[in-house]
Amino acid sequence: QVQLVESGGGLVQAGASLTVSCAASGRTFSSYAMGWFRQAPGKEREFVTALSWSGSRTNYADSVKGRFTISRDYAKSTLYLQMNNLKPEDTAVYYCAVRSTNLEYYRTYINEGDYNYWGQGTQVTVSS
């Protein structure tokens with residue numbers, strides 16, 4: 001069993017930066033592929049970014065490429081999403097996700113169904 005707890009969301013102005021975190025517990029943190037998704041009001045949850053099990057491969061949605069960065073701190077068992085130059089359209093609940101089984105070492109996973117554990121989400125609101 002894996003527990004994921006997101007934190008760091010908040011209200012910021014357009015153009016600002018914000019980092020959200022996802023603390024993982026329960027199993028070996030280094031053995032996961034991980035990702036971030038988001039869900040805006042009235043919309044379906046969408047892929048934001050993913051990190052491979054190896055930690056060496058990343059994948060980003062076109063809408064955040066060049067502005068967002070995913071990273072992982074093994075010592076703290078924490079996944080991060082650094083968000084720069086935030087836009088009002090980035091407003092959403094941000095969820096971290098873990099895939100803990102049937103992993104390919106260098107593969108990134110971009111579909112919701114690829115993940116078997118989810119956090120509760122953290123709200124990010126960007127004002128114009």
Side-chain angles (χ1 to χ4, degrees):
Q1 194 74 8
V2 177
Q3 293 80 42
L4 302 172
V5 179
E6 296 99 333
S7 62
L11 172 64
V12 298
Q13 290 188 331
S17 298
L18 190 68
T19 298
V20 292
S21 304
C22 174
S25 62
R27 291 186 60 177
T28 305
F29 183 73
S30 60
S31 299
Y32 305 150
M34 303 187 76
W36 288 96
F37 289 73
R38 68 185 181 186
Q39 187 168 20
K43 295 187 177 181
E44 294 186 349
R45 190 154 55 183
E46 64 176 5
F47 168 76
V48 176
T49 180
L51 183 66
S52 64
W53 173 18
S54 68
S56 63
R57 301 283 176 87
T58 58
N59 199 336
Y60 294 91
D62 288 342
S63 59
V64 306
K65 202 170 294 183
R67 299 188 298 121
F68 289 14
T69 302
I70 187 172
S71 62
R72 181 161 66 182
D73 186 327
Y74 293 94
K76 296 182 178 180
S77 296
T78 301
L79 181 73
Y80 299 99
L81 178 64
Q82 180 180 347
M83 302 179 286
N84 297 326
N85 190 22
L86 281 160
K87 304 176 181 180
E89 52 263 43
D90 295 318
T91 295
V93 177
Y94 284 73
Y95 298 90
C96 69
V98 158
R99 179 182 176 101
S100 63
T101 60
N102 298 320
L103 296 168
E104 295 180 27
Y105 194 57
Y106 293 108
R107 181 176 172 180
T108 57
Y109 298 88
I110 66 172
N111 298 306
E112 285 191 63
D114 293 332
Y115 293 88
N116 52 333
Y117 293 102
W118 292 84
Q120 84 289 348
T122 186
Q123 176 71 48
V124 173
T125 303
V126 184
S127 64
S128 57

Got a sec, which residues hit side-chain hydrogen bond (donor to acceptor under 3.5 Å, both in side chains) with [X], two or more places apart in sequence or on another chain?
X	value
Asn85	none
Thr91	none
Ser56	Ser54
Thr125	Gln123

Which pair of non-hydrogen atoms, one from [X] and one from [Y], has the smallest distance, and what is that distance?
X	Y	answer
Leu51	Arg72	CD2-CB, 3.7 Å
Tyr94	Glu6	O-OE2, 3.9 Å
Leu4	Ala24	CD2-CB, 3.6 Å
Thr69	Tyr60	CA-OH, 3.3 Å
Thr78	Lys76	OG1-O, 2.8 Å
Tyr80	Asp73	CE1-CB, 3.7 Å

- Query: With Ser7, which residues qualify under side-chain contact (heavy atoms from CB on, under 4.5 Å), at least two apart?
  - Reply: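 If we apply the side-chain contact (heavy atoms from CB on, under 4.5 Å) test to Ser7, skipping adjacent residues, the hits are Ser21.
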- Task: Under the side-chain contact (heavy atoms from CB on, under 4.5 Å) rule, collect the residues that match up with Glu112, sequence neighbours excluded.
- Result: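 Once residues adjacent in sequence are excluded, the partners of Glu112 under the side-chain contact (heavy atoms from CB on, under 4.5 Å) criterion are Phe37, Arg45, Trp118.
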With clusters defined by side-chain heavy atoms of hydrophobic residues (ILVMFWY) lying less than 4.5 Å apart, directly or transitively, does [Y] cluster with [X]?
X	Y	result
Val126	Phe68	yes
Tyr115	Val48	no
Tyr74	Leu81	yes

Residues which pass salt bridge (Lys or Arg N to Asp or Glu O under 4.0 Å) with [X], listed by chain and number, not counting sequence neighbours:
X	result
Lys43	none
Glu89	none
Arg67	Asp90

Can you tell me how far the [atom1] atom of [X] sits from the [atom2] atom of [Y], to the nearest 0.5 Å?
X	Y	atom1	atom2	answer
Gln82	Ile70	CD	CD1	12.0 Å
Gln39	Glu46	CD	CD	9.5 Å
Arg107	Asn102	CZ	CG	10.5 Å

With a 4.5 Å limit on heavy-atom distance, are the side chains of [X] and [Y] in contact?
X	Y	result
Leu79	Trp36	yes
Tyr95	Val20	no
Trp53	Ser31	yes
Tyr117	Gln1	yes
Tyr109	Leu103	yes
Arg38	Val64	yes

- Query: For residues 77-88, which residue pairs qualify under salt bridge (Lys or Arg N to Asp or Glu O under 4.0 Å), counting only residues two or more places apart or in two chains?
  - Reply: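 Checked against salt bridge (Lys or Arg N to Asp or Glu O under 4.0 Å) - neighbours excluded - no pair reaches residues 77-88.
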Give a yes or no on whether the backbone of [Y] and the side-chain of [X] come within a donor-acceptor separation of less than 3.5 Å.
X	Y	answer
Gln13	Ser127	no
Asn116	Ser100	yes
Arg57	Thr108	no

- Message: Under the disulfide bond (SG atoms under 2.5 Å apart) definition, can you give me all pairs with a residue in residues 99-128, not counting sequence neighbours?
- Response: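 Residue pairs passing disulfide bond (SG atoms under 2.5 Å apart), neighbours aside: none found.
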- Which pairs pass disulfide bond (SG atoms under 2.5 Å apart) with one or both residues in residues 13-102, sequence neighbours excluded?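 Sorted pair list: Cys22-Cys96.
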